[in-house]
J.: 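For reference, the structure I am asking about is given below.
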Amino acid sequence: MADIVAQPFAFPLRRHAVALVVIDMQRDFAEAGGFGASLGNDVARVGKIVPDVKRLIEGFREAGLPVIHTMECHRPDLSDLPPAKRDRGNPSLRIGDEGPMGRILIAGEPGTAILAELAPIDGEIVIEKPGKGAFYATPLGEILKQRGISQLVFAGVTTEVCVQTTMREANDRGYECLLVEEATESYFPQFKAAAIEMIRAQGAIVGWTAHLDDLLEGIACA
Ligand code: C5J
């Protein structure tokens, strides 16, 4: 066991129980012409965390700990896309529309892929999810149960949408959750700050937060 320096108090990391979950580091959320940009967001903010997400992933790989990647995406026939999701807002391109990187957020399209720098390697689990939370309509819960995982370290985008939703789902299912501050981002800096505060408030009501260097130091000696 290693006590990771974290907020609101130290996180008791157990090496046989922990996995990293990297949420939706996809071209569609990070590059011009993708879904994030079609909603009018400054996607360059996502690109800036890539080196820190990479350090985190490499830290887990070097420590021999599991890495799980998620991708927000839908079937080509859109059968898993509720009209309420497709029709929401006023994006220049809707989910399923043809964009400069292929069909927006559709499984197998170039824009839906995980950023090349953070691409999964052989043996790593990739969860395709139609919702914001990674447990909804996916095998994630079963996979974690089979592997005896009870602690989840989180990274990815966006902090207050898919990351926070998944952390709340995990927390309700009994997982101990920790978010790495430098390895997550929002299109709205104030939402990132607020989500981090919410997660660790009231004695870690949703989970812990930690800085990247503290987490890396902890897993190296766990
Ligand atoms: C969004 C996500 N923001 N991955 N997805 O629609 O947070």
Side-chain angles (χ1 to χ4, degrees), residues 20-50 52-53 56-57 67-75 78 80-97 99 101-107 109 111-115 117-120 125-138 140 152-171 177 179-196 198-199 206-207 209:
L20 172 65
V21 182
V22 183
I23 303 277
D24 301 358
M25 289 300 295
Q26 297 164 247
R27 298 182 66 200
D28 257 323
F29 294 113
E31 293 185 14
F35 187 56
S38 83
L39 290 161
N41 295 307
D42 172 13
V43 292
R45 296 185 58 80
V46 175
K48 291 190 185 133
I49 65 163
V50 169
D52 282 335
V53 178
L56 179 59
I57 292 173
V67 179
I68 298 169
H69 306 257
T70 74
M71 302 170 69
E72 182 173 345
C73 61
H74 295 273
R75 296 187 195 125
L78 307 185
D80 59 355
L81 176 61
K85 182 173 179 183
R86 179 168 157 87
D87 297 344
R88 191 79 49 83
N90 192 23
S92 53
L93 288 169
R94 291 190 186 279
I95 297 171
D97 287 351
M101 299 190 287
R103 292 180 70 199
I104 297 284
L105 285 189
I106 298 299
E109 296 287 334
T112 308
I114 292 171
L115 294 167
E117 304 94 304
L118 307 177
I125 293 160
V126 180
I127 300 286
E128 295 189 348
K129 62 181 185 62
K132 304 302 183 201
F135 287 84
Y136 168 68
T138 76
L140 179 60
L152 299 173
V153 172
F154 283 93
V157 295
T158 60
T159 317
E160 78 283 8
V161 185
C162 291
V163 176
Q164 186 176 206
T165 301
T166 303
M167 286 186 77
R168 288 173 181 273
E169 286 183 326
N171 188 47
C177 300
L179 176 61
V180 181
E181 294 191 36
E182 294 83 357
T184 184
E185 194 49 274
S186 170
Y187 299 124
F188 307 92
Q190 70 275 27
F191 290 175
K192 172 176 175 176
I196 285 172
M198 277 180 223
I199 283 162
V206 175
T209 65

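Hydrogens, waters and symmetry mates play no part in the numbers below; they use all other heavy atoms, side chains included. Just follow the structure's listing: the first ligand is 1, and inside any ligand the first atom is 1. Quick caveat, the model's predicted, so the values are computed rather than measured.
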J.: What I want to check is whether the side chains of Ser186 and Glu160 have a donor and an acceptor closer together than 3.5 Å.
T.: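 Yes, a side-chain donor-acceptor pair sits under 3.5 Å.
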J.: Is Lys132 near ligand 1, meaning one of its heavy atoms is under 4.0 Å from it?
T.: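 Yes, Lys132 has a heavy atom closer than 4.0 Å to ligand 1.
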J.: Any idea which atoms of ligand 1 are less than 4.0 Å away from a heavy-atom of Val157?
T.: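 What qualifies from ligand 1 is 2 (C), 4 (N), 7 (O).
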J.: Which protein non-hydrogen atom lies closest to atom 5 (N) of ligand 1, naming both residue and atom, and how far is it?
T.: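 Ranking protein heavy atoms by distance from atom 5 (N) of ligand 1, first comes Glu72 OE1, 2.9 Å.
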J.: I need the atoms of ligand 1 closer than 4.0 Å to a non-hydrogen atom of Phe29, numbered in the order shown.
T.: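 Answer for ligand 1: 1 (C), 4 (N), 5 (N), 6 (O).
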J.: Considering only non-hydrogen protein atoms, determine which one is nearest to atom 3 (N) of ligand 1 and report residue, atom name and distance to 0.1 Å.
T.: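 Nearest protein contact, heavy atoms only, for atom 3 (N) of ligand 1 is Thr158 OG1, 3.5 Å.
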J.: Would you mind checking if Asp97 and Arg86 are paired as a salt bridge, meaning a charged N to carboxylate O distance below 4.0 Å?
T.: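 Yes, Arg86 and Asp97 are salt-bridged.
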J.: Do you see a donor-acceptor pair shorter than 3.5 Å between the side chains of Thr159 and Thr184?
T.: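 On atom types as modelled, these side chains qualify, holding a pair under 3.5 Å.
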J.: Please report the shortest heavy-atom distance between Leu115 and Val50, naming the atom on each side.
T.: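 Heavy atoms of Leu115 and Val50 come nearest at CD1-CG2, 3.7 Å.
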J.: Any idea which heavy atoms bring Tyr187 and Asp42 closest together, and the distance?
T.: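 Scanning both residues completely, I find the closest heavy atoms to be CD2-O, 3.7 Å.
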J.: In the protein, which heavy atom is nearest to atom 2 (C) of ligand 1, and how far is it?
T.: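 Of the protein heavy atoms, Cys162 SG, 2.8 Å lies nearest.
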J.: Pull out every atom of ligand 1 sitting under 4.0 Å from any heavy atom of Asp24, numbered as shown with elements.
T.: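 Contacts of ligand 1 toward Asp24, numbered from 1: 2 (C), 4 (N).
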J.: Mark yes or no for whether His69, through its side chain, and Val22, through its backbone, hold a donor-acceptor pair below 3.5 Å.
T.: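 The answer is no, because no donor-acceptor pair under 3.5 Å joins these two groups.
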